[in-house]
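Quick notes on the structure that follows.
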There are 2 protein chains.
Amino acid sequence: MKMNKNNTEENIIQAAEYEFIERGFEGARMQAIADKAGINKALLHYYFRSKQKLFEVIFKNAFKLFIPRILNVFERQDLDFFEKIEAFVENYLNILAKHPHIPGFIIHELANNPSSIAKIVQEIAPDISPIKSQIEAEITKGTILNIRPEHIILNVLAMSIFPIVASPIATMILFNGDKKQYATLLAERKNHVSDFIIRSIKNPNFK
Amino acid sequence: MKMNKNNTEENIIQAAEYEFIERGFEGARMQAIADKAGINKALLHYYFRSKQKLFEVIFKNAFKLFIPRILNVFERQDLDFFEKIEAFVENYLNILAKHPHIPGFIIHELANNPSSIAKIVQEIAPDISPIKSQIEAEITKGTILNIRPEHIILNVLAMSIFPIVASPIATMILFNGDKKQYATLLAERKNHVSDFIIRSIKNPNFK
DNA sequence: ATATAATTTAACCAGATGGTCAAAAGTAAT
DNA sequence: ATTACTTTTGACCATCTGGTTAAATTATAT
C-alpha cells in the first residue's frame, strides 16, 4: 500500500525533527522516526544515508530558526536603537514561543561538540558586527552608557532564551510547578525584557 | 590485583559524574564509567543496581550544586539588598566557573522529564519565598521599582547561567570562536551582571 | 505493453549495550 | 587454619540499534 508519493521526504524530516529535538541525537531512535513517518526503517537510509546525515539536516534547520532575523530589525532606519531592541525582543520571544525546544536542543548538541556540527554552526553563524558598531555609535553619541556591546547582546539573548530553555526548573522553583503561572510570566516578558535592558543601558544624563 | 580497598564507590561516582555530565544519560556508557573507575562493569552493578539508579545519585549531587546557597546570602543582615545581589552573583558565577557543565546537564535531563528525576528536583528545590518578600519589601520602601520578583530572580539567573550554558554558540557568534576572548568576557561579568541588574531595578526617585 | 528507473519493504546482520551469574580473590573473626 | 562474609572478576546473555541487501512494488518513458 502506498499513499504518499512524493512527500515521504517531508514526512521523514518532520518525524526526525520531533524525535531529535525531543530526545537529542543519542536519545533519538531511527525506528521511532520511521514509525512516526509511517515508513520502513530501510527507507530512512534510502533517503538519508545515516543517522548522522539525517541529524545534520535537522540541526541545520533548527539552527537557522535559532539564529534570528536580528539583522533585519537592526537595519531598519525608521527605528531608533531602543525601538530596535523592543522590536527584536518581541519578535524573538514570539519565535521562541513557537519553537520552545529548539534552543535547548542546539545548546545540548553543541556541548557534545562533534566537530561535524560545529562546522555547520560556523557556516550559518550571523555577522553581528553591524550591531556592535551601532551600539558603539550610541555610546559615542551619549545615548547609552559605556558598556561592552558583547555584554549587551549576551544579556538580551540570556533574558530571552534562558527562561524558555530552563522552563522546567524555573517553573518548579518560582511557582512550585504551576505551569499556568509560568506561562503568564513568560507572556509578560515580551514587554519586561526590553524595558529591563533599556533601563539599564540608557544614559540618564543624556542631553 | 587490588589497590583501592574502600574508595571504589568514590571512584565510581567520580567517573560516573564525568561521564553522565559530559554525555548525558542517553550518551553515557556503563562500560566507559567502569573503565574510568578502573573496575569491572559487573562491579558497577554491584554498587549501584542499574544505570538509572547510578544516574539518580549523580543527578542529585549535581542539582545540589546547581541550586546555590542563595538563601544564605539573602539571610545576611549586614548587607543591604543591592549588596546581597552583588554577593550572590559573584558567588554564583564562581561556582558556575568551577562546574561549567552542570547547568546544561540539569537543564537537558530535566527537559527529557522522566518523572523519576522530576521528583528529585521537587525534593531539593529551594524555597525562594524569603527572597520574594525581601524584594516586595524593597518595592514598598521605594528603593527599587515595582517589578514582579519572579522577573528579577529569573533575570539574575539568566544573566548568570546562560553565558555558561551557551558558551559554545556565544563564543562562535560574539568572537568567531576565540575562546580566550570569551573567557575574558565571562570574567568581566562578575561585576557587570550585578551592576546591570541594579541599574535596572533601582528607583531613581528614591528619597 | 514493455523496458527502465525509482521507491518501498521484509528479513537480516554485526556490533554495542545494560545487565546477570557463578566462581575467584580478598578480608576478618574465631 | 577454617569459616563466613564482602568485594571483584571473566564469561555470558537478551535485547536493542544502526545499517544492509535482495526482492518486490510502483512510477515513467518509449
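Proteins come first, then strands; the chains are lettered A, B, ... in the order of their sequence lines, and each starts at number 1.
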When all nucleic acid strands are considered with a 4.0 Å heavy-atom cut-off, which category describes A:A28: base, sugar-phosphate, or nothing? sugar-phosphate

DNA chain C: A:Y46 or A:K41, which has the more 5' nearest nucleotide? A:Y46

Out of C:dG19, C:dT20, D:dT7, minimum distance to the side chain of B:A42 belongs to C:dT20

Nucleotide of D:dT8, C:dT8, C:dT17 approaching A:T8 most closely (side-chain heavy atoms): C:dT8

What's the CD1-P distance between A:I33 and D:dG18, to the nearest Å? 8 Å

Looking at A:R148 and B:E188, is any side-chain nitrogen of the basic one under 4.0 Å from a carboxylate oxygen of the acidic one? yes

Between A:R76 and A:D78 (salt bridge meaning N to carboxylate O under 4.0 Å), is one present in this structure? yes

Rounded to the Å, how far apart are A:N7 CG and D:dA27 P? 13 Å

Contacts of A:E26 and B:L43 projected onto DNA chain D by closest heavy atom; the upstream (5') one is B:L43

Is any NZ, NE, NH1 or NH2 atom of the basic residue among B:R29 and A:E26 found under 4.0 Å from an Asp or Glu carboxylate oxygen of the other? yes

B:H45 vs C:dG19: side-chain N/O to OP1/OP2 distance below 4.0 Å: yes

Which whole-number value in Å describes the distance from B:R29 CZ to C:dG15 P? 17 Å

Cut-off 3.5 Å, side chains only: do B:E56 and B:Q52 have a donor facing an acceptor? yes

What is the distance from CZ of B:R23 to C1' of C:dG18, rounded to the nearest Å? 17 Å

Is it true that the side chains of B:K36 and B:N11 contain a donor and an acceptor less than 3.5 Å apart? no

Between NZ of B:K51 and P of D:dC16 the distance, given in whole Å, is 15 Å

Spacing between A:F55 atom CZ and D:dG19 atom C1', to the nearest angstrom: 19 Å

Rounding to a whole Å, what distance do you find between B:N40:CG and C:dG19:P? 14 Å

Counting side-chain heavy atoms from CB outward, which of C:dT7, C:dG18, D:dG19 is closest to A:M30? D:dG19

I need the CZ-P distance between A:F48 and D:dT20, as an integer number of Å. 16 Å

